[in-house]
Amino acid sequence: MGLILTEDQLILRDMAKGFFDEKSPVERMRTLRDSQDETGFSRDLWKEMGDLGWLGIPFPEAVGGADMGYGELGIILAECGRALAPEPFLSTVLLGGNAILLGGNEPLLKELLPEVCSGERILCLAFQEQGRFAPYSVETRATRDGDGFRIQGSKQFVLDGHVADQIVTLARTAGSTGERDGLSLFVVDAGAAGLTIQRSELVDGRGAAQVSFQDVTIDGARVLGEIDGAADLLDAVLDRATIGLCAEMVGCFEEAFERTLEYLKTREQFGVKIGTFQGLRHRASEMFGELEFARSVVLDAQSAVDDARDDVAECASGAKARCSDVACLIGGEAIQMHGGIGMTDEEEIGLFFKRLKAAELTLGDAVYHRNRFAGLRGY
Amino acid sequence: MSSASIDEFKQEVRGWIEEKLPADLRVGNRRDLPKESLGRWIKALVSRGWIAPQWPKEYGGGGLDRKQAAALMRELKAVRAPIVSSFGTSMLGPTLLEFGTEEQKQEFLPPISRHEVRWCQGYSEPGAGSDLASLQTRAVKEGDEYVITGQKIWTTGADSADWIFCLVRTDPAAPKHDGISFILFPMHQPGIEVSPLTLIDGSAEFSQVFFDGARAQAKHVIGPVNGGWTIAKRLLQHERSTDGGSEGGITGAMKETLADLVKREVGLQEGVLADPALRQRLADQELEARALRLTMARAGAEARAGQTARDIGSLGKYRWANMVKNEQDIAMLALGTKGLGWSGAGFEDTQLERTRAWLTTRADSIWGGTNEVQLNVIAKRVLQIPE
């Protein structure tokens with residue numbers, strides 16, 4: 001059922017906690033941000049996680065993976081969330097890695113995934129073209145050119161696009177923007193002629209790129225899934241990535257909530273601990289409830305993937321709808337309850353607040369996912 | 001019990017239900033069930049001890065273990081059998097099993113498992129609602145008896161109950177939690193007057209009960225004299241554990257699901273609900289129901305695995321109350337003025353049912369500890385924020 005952790009999963013969680021406590025305090029993320037580090041994360045730490053087998057969790061052993069499940073991956077991602085670790089799980093494992101795993105042919109899998117598992121290859125998924133999440137709103141065109149294709153257009157918010165070795169690119173081969181039909185996915189090498197990649201830093205300190213394609217040519221063998229019919233593949237990739245992102249968010253909720261709770265128990269005003277005020281006690285109880293509910297739906301979504309259930313899409317949208325709302329609540333209350341000190345850059349709670357906002361709006365907000373859930377439920 | 005023998009048990013239960021459950025009862029928990037069929041069904045349940053499936057057989061129970069009882073419940077729900085439950089089975093029984101003497105168990109449990117004696121709960125008073133421990137009903141010892149004077153309110157089924165389990169003050173000088181006793185006495189006696197209360201939904205299931213020299217036998221105090229508060233709290237846990245776990249009393253018994261109602265009243269355009277705001281609220285409501293069910297299931301699984309001692313009963317009650325209220329709020333928005341009917345022509349059963357449910361469910365965030373009390377309990381006991 002996956003609602004509770006197995007013995008093995010508890011051991012993995014303790015191991016991961018120990019790893020991040022020792023090697024990745026929240027301060028590390030701040031240092032990367034303040035030094036305007038060109039990569040935006042630590043390649044060494046990423047390789048260490050590869051050596052531990054964590055990056056290969058969702059991949060089969062044949063390509064160097066650990067052949068485990070989202071139950072296990074979620075444990076690692078939650079600890080990343082607690083530590084605000086900016087390593088490229090979302091871009092490389094969840095988005096790019098899943099696109100290749102679920103849509104690639106045998107040679108592509110063998111060529112690309114072993115180094116994803118070992119931490120030596122960074123991937124990204126270039127799909128988004130507008131601010132509000134709308135995965136089928138694609139104007140970037142790929143037109144046939146001999147045995148291959150030629151891509152023209154531009155993408156934004158490509159997470160870790162500035163350091164990726166391959167850019168998995170969503171383009172339209174037929175139809176018009178907004179339609180599910182006519183979409184195709186391509187594997188584009190970062191060094192391809194005609195590609196321009198511009199990095200930007202985001203509010204949460206992470207990096208994303210604007211990527212433009214000026215007549216970029218692609219070999220016909222580097223197509224993922226079906227030409228014109230990649231929407232189902234895209235959905236499957238986005239569902240898995242969304243569930244992984246939610247697992248990271250739950251870790252982030254836990255840490256932000258625990259820090260806020262501790263503050264309520266220690267901060268004094270009017271001669272008493274502020275946690276004695278009922279107005280704050282009730283709101284803390286509310287946060288606790290939301291955190292517990294978020295944890296439940298994310299665990300359920302993870303087991304939907306692991307058990308190959310037919311409701312993965314409903315679970316993914318249900319989990320992201322809730323986690324996005326909870327991100328607003330817990331992030332917002334964390335700042336508010338910390339008061340003035342919460343507004344300072346020096347106090348770490350603000351870093352959680354900003355990461356939660358970024359996660360809330362990444363891969364679709366609560367309104368988007370409630371609408372999608374409603375559609376899946378037949379209304 | 002092994003999974004093979006559980007399967008066997010399930011098969012047996014299924015066959016038994018098929019044979020014993022009258023066809024006209026397969027409609028869920030409705031108030032207007034045919035009496036004759038219901039009587040036969042209850043007799044059949046009693047013969048197996050399945051009025052109280054998990055109680056020991058010596059007290060008339062079914063002697064089932066937890067897995068068997070859960071399997072029985074699933075089978076009953078699968079065919080929409082009415083669930084026969086009472087204050088006797090769900091609240092007093094578990095309390096007696098935990099705190100009663102052997103003599104008390106022998107005296108009171110068998111009639112409950114035979115569904116012969118109806119019980120009511122004397123807890124709340126006009127001045128003691130959320131602050132239950134401030135209750136004032138007095139019990140004064142006279143020989144082998146206690147003489148009881150005072151008033152209870154919100155007593156469900158008091159007008160038809162045979163007995164009452166009641167919280168009374170036996171030591172007015174002690175601090176308020178330390179002078180309370182838990183006592184049982186018959187309702188049919190001089191000195192007790194029952195006055196039904198009509199609620200905003202038109203129902204009259206609750207009463208006020210006035211005691212003026214009512215008598216209880218001293219041997220019918222459960223647990224120590226002046227030690228009733230511990231028992232009262234334990235019993236409230238039984239009360240809370242009965243809601244959070246279900247997807248909700250009244251909600252489960254509706255003739256039409258909320259989604260079907262909203263779709264019908266609001267309409268679909270190309271498969272999408274015509275009102276985008278209601279579409280959001282309906283999705284949110286369905287997701288909340290799922291999340292509540294998952295959270296309670298997870299808490300149960302964690303407890304069985306010995307992974308956590310967190311008590312989330314209050315959280316479950318709080319979220320359940322909000323969920324069942326919100327369901328009726330959405331139904332009312334979808335119905336518009338069709339949701340305003342009380343009686344007379346022009347309104348369908350499914351509409352009138354929603355109107356009453358909207359009113360009835362307002363109580364869910366009040367009884368069994370108000371929402372505000374539940375949030376206090378979470379802050380204090382679960383989050384351990386000093387007061």
Can you confirm whether more than 12 heavy atoms, excluding those of [X], are under 6.0 Å from its [atom1] atom?
| X | atom1 | result |
| --- | --- | --- |
| B:M73 | CE | no |
| A:Q336 | CD | no |
| A:D181 | CG | no |

Exercise. Who pairs with B:R264 by salt bridge (Lys or Arg N to Asp or Glu O under 4.0 Å), at least two apart in sequence or on another chain?
Worked result: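 In terms of salt bridge (Lys or Arg N to Asp or Glu O under 4.0 Å), with neighbours along the sequence ignored, B:R264 is linked to B:E256.
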
For this session: Mind jotting down which residue pairs meet the side chain to side chain donor-acceptor pair (under 3.5 Å) criterion with at least one end in residues 11-20 of chain A? Sequence neighbours excluded, please.
Result: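 Listed by first then second residue: A:K17-A:E79.
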
Exercise. What residue, out of A:R283, A:E314, A:E290, has the most heavy-atom pairs lying under 4.5 Å from chain B?
Worked result: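 The candidate making the most pairs under 4.5 Å is A:E290.
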
Exercise. Can you tell which of B:L282, B:D284, B:V262 has the highest number of heavy-atom pairs within less than 4.5 Å of chain A?
Worked result: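 It is B:L282.
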
Seminar exercise, completed: Looking only at B:R279, B:E372, B:E387, most heavy-atom pairs under 4.5 Å shared with chain A are made by B:R279

Exercise. Do the side-chain N and O atoms of B:T361 and B:D364 include a donor-acceptor pair separated by under 3.5 angstrom?
Worked result: no

Exercise. Any salt bridge between A:R372 and A:D239, counting N to O under 4.0 Å?
Worked result: yes

Problem set entry | Salt-bridge criterion met for A:R309 and A:D311 (N-O under 4.0 Å) | yes

At a 4.5 Å cut-off on heavy atoms, which part of [X] comes close to chain A: side chain, backbone, both, or neither?
| X | value |
| --- | --- |
| B:L383 | both |
| B:R319 | side chain |
| B:L287 | both |

For this session: Report, by ascending residue number, the residues of residues 245-258 of chain A in heavy-atom contact with chain B at a distance under 4.5 Å; give 'none' if the set is empty.
Result: A:F257

Problem set entry | Positions in residues 268-282 of chain A that reach chain B, provided some heavy atom is under 4.5 Å away | A:G275, A:T276, A:Q278, A:R281, A:H282

Exercise. Can you find a pair of side-chain heavy atoms, one from A:I341 and one from A:Y263, that are under 4.5 Å apart?
Worked result: yes

For this session: Report yes if the side chains of B:I330 and B:L278 come closer than 4.5 Å at any heavy-atom pair, otherwise no.
Result: yes

For this session: Test A:E360 against A:K357 for salt bridge (Lys or Arg N to Asp or Glu O under 4.0 Å), laying out the working first.
Result: CA-CA 5 Å; A:E360 178 201 339; A:K357 179 52 79 177; 2.7 Å; yes

Problem set entry | Under 3.5 Å donor-acceptor, A:D365 side chain and A:V367 backbone |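 Yes, because the side chain of A:D365 sits within donor-acceptor range (under 3.5 Å) of the backbone of A:V367.
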
Exercise. Contact part of A:A321 toward chain B, heavy-atom cut-off under 4.5 Å: side chain, backbone, both or neither?
Worked result: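 For A:A321, the side chain is the part near chain B, not the backbone.
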
Problem set entry | Proximal component of A:F373, with respect to chain B [non-hydrogen, under 4.5 Å] |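 When you check distances to chain B, only side chain atoms of A:F373 fall under 4.5 Å.
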
For this session: Applying salt bridge (Lys or Arg N to Asp or Glu O under 4.0 Å), run through A:R370 and B:E286 and close with a yes or a no.
Result: CA-CA 10 Å; A:R370 272 194 293 271; B:E286 292 201 330; over 6 Å; no

